[in-house]
Amino acid sequence: MLAFGVRRILWVAPILIGVTLILFLLLHVLPGDQARILAGYRQPSDQAMINIKEKLNTEAPLYTQYKDYLISLGRGDLGTSFRNQRPVSSIIAESLPSSLALASFALFLELLIGISAGAWAAIRRDSFFDRMSMVSAAVLIAMPVFLLGLLLQLVFGVRLRWLPVSGLGDGGLNFYILPSLVLALVAAAYLARVTRSSLIDVLSSDYVQAARANGLSSSRVLFVHALKNALPPIVTVAGLHFGFLIGSAVATEVVFNWPGLGHRLFLAVLERDRPLIIGAALVLSTIFIFVNLLVDILNAWLNPLARVDGKQEGLEAKA
Amino acid sequence: MNKARVGLVIISILILLTLAAGFLSPYDPIRQDRESALKSPSLRHPLGTDSLGRDMLARLLYGARTSLTIALGAVIFMVAIGLPIGVIAGYFGGIVDSILMRTADVFLAFPFVLGAIAVMTVIGPGARNVFVVLAIFGWPQIARITRAQVKNEVSKDYIAATKVVGGSAWYILWRHLLPNTLGPVAVYSLMGMGTVILTEATLSFLGIGVQLPYPAWGSMLADAVGRVTVAPWLIYGPGAAVVLTCLGFNILGEALHEALEIKI
């Protein structure tokens, strides 16, 4: 287990190097353009352009620039926003918390709805509930997250007037309900599907039959024996869809005018604020990489076979 | 096979509607008419009009052209990059395999929409760049599936036999491995169509995909943000279109997946 953990953690390093390299190239691939944006909208004088290029150090060879980029990343410096000349790291630091609050609320709802709906569908296989939940899952998977947001706004916010449809307000819980439900539902649809199929596999296996034959109560069989063994694919899917959740969060925050990093990113796109976008991409990709690391280690802990097969097989199982 | 039929019917209807767009709606999807902005559905405008007075039905039908063309183009691009890389990685193995697959892992480390946003802010928005971005972040999936298929196939006896009688690597790749991986890759691509359509819609919704005034379902839905109260019809048409299209491709893909018993 320890060997697997160490190997898996070491594997993160080359991925992080690759990610920073791509983002570095995106940030520096058109330095002239970057200098022009920094110079402002007026026609900049030649001297002004030279000064800015010197400041950006665009004349140095690329590998030196990449090294400098990594060093400044190490210091927590993500660059300066084009728009208001503030450090990107402080813009991210002030908008990330409300996004994380929304995301953790959504994750909780996702696990609750996805696993319980999937498990209930597996136990009552081919029942009305099973059919209905699988049809709704298929529809939700085909639905863009912002459409679901607009629909829920229409139903709960406008027609029924039960819930606020925009912003964070006073930070009350009722402001969280609609946006986190939107984020949770689409991801829960995937989760319900995999929970159902995984649990059906486990419930038909010999040892569950044996446990039943030995007279264990069906709830004990389900919770103690079956659900635990059905977990690895569920954990894998939940981890993989975390990236999808990040993407969905951007659209959801726009629909609900949520004051988080996703909404800030949307504004940055409109303003062509490249340093802020690349900085946010780096932070969120890094979070995604570490979530995947956590998922793999969790899976190895749940399922000793994944440890023996090593990282290669584990990855193939995911694909 | 019932599922496959449902999927096929949905997709066929969609393609027919797309082809008959000019015939079904007399309006120009781009021309604005401020006089008739935000009109609710009526006989003249069956799906109503948007905030700039453009006919929703016309935009919906022409938007279907945009979405389908982009999705098809992006998937072809993805396969064109991912398939050869997967075949090479799976067949040669060793260091080649490691380098190619670690590169794939790097691209997979970006949350899809976020990576797309980052690249599009540099190369600029627009329909053509949506292809590029979808291909950049979509090929690793195709490469992984191809690689797994090839690895599985390479270990079979007939490949060893071909080597023994002197078949070259090129011959084995071209005549044996490629045909045997095409089935699973085709099924996966079909299932990928749904994802690609959703991603394109998201990018257009965020304003970096298909650029106005050209119609796309995602940007039509963006028009509805903040207006659902006054004009709920803004979401019905394009919303139903996106969901049905994705559902059609997903159902068809899943049906083929089950029928061919492909493990992905």
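Please read all numbers here as calculations on a predicted model, not as lab measurements. First the proteins, then the strands, lettered A, B, ... as listed; each starts at 1.
Heavy-atom pairs under 4.5 Å with chain A peak, among T245(B), I208(B), T202(B), at T202(B). Contacts with chain B were tallied for G243(A), P14(A), A142(A); A142(A) has the most, counting heavy-atom pairs under 4.5 Å. Ranked by heavy-atom pairs under 4.5 Å with chain B, the list L150(A), I246(A), V145(A) is led by L150(A). Ranked by heavy-atom pairs under 4.5 Å with chain B, the list V250(A), I277(A), L148(A), L140(A) is led by I277(A).
Taken to the nearest 0.5 Å, the CZ atom of F244(A) stands 9.0 Å off from the OG1 atom of T195(B). Rounded to the nearest 0.5 Å, atoms CD1 (I278(A)) and OG1 (T121(B)) are 5.0 Å apart. For the atom pair CG (L154(A)) and CD1 (I235(B)), the distance works out to 5.0 Å, reported to the nearest 0.5 Å. Atom CD of E254(B) is separated from atom CD1 of I141(A) by 7.5 Å, given to the nearest 0.5 angstrom.
Of all heavy-atom pairs between V122(B) and R274(A), the closest is CG2-CD, 3.7 Å. Here the closest non-hydrogen pair linking V243(B) and P144(A) is CG2-CD, 4.4 Å.
In this structure, chain A has no heavy atom under 4.5 Å from any part of F249(B). With a 4.5 angstrom heavy-atom cutoff, L16(A) does not touch chain B via any of its atoms. When heavy atoms are compared at a cutoff of 4.5 Å, L247(B) approaches chain A by way of both its backbone and its side chain. Contact annotation for L221(B): both backbone and side-chain heavy atoms come within less than 4.5 Å of a heavy atom of chain A.
Sorted by first then second residue, the ring-ring contact (aromatic ring centres under 6.0 Å, His included) pairs that include residues 264-292 of chain A, not counting sequence neighbours, number zero.
F107(B) is listed as a side-chain neighbour of I22(A), based on a closest heavy-atom distance under 4.5 Å. Between D105(B) and W11(A), the closest side-chain pair of non-hydrogen atoms falls below 4.5 Å. Counting heavy atoms from C-beta on, the side chains of P125(B) and R272(A) come closer than 4.5 Å. Between V254(A) and L206(B) there is a side-chain heavy-atom pair separated by less than 4.5 Å.
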Please determine whether side-chain contact (heavy atoms from CB on, under 4.5 Å) holds for the pair V242(B) and M143(A), giving the CA-CA distance in whole Å, both sets of side-chain angles, and the decisive distance to 0.1 Å.
CA-CA 7 Å; V242(B) 182; M143(A) 187 176 279; over 6 Å; no
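Inspection of non-hydrogen atoms places L108(B), A109(B), F110(B), P111(B), V113(B), L114(B) of residues 108-116 of chain B under 4.5 Å from chain A.
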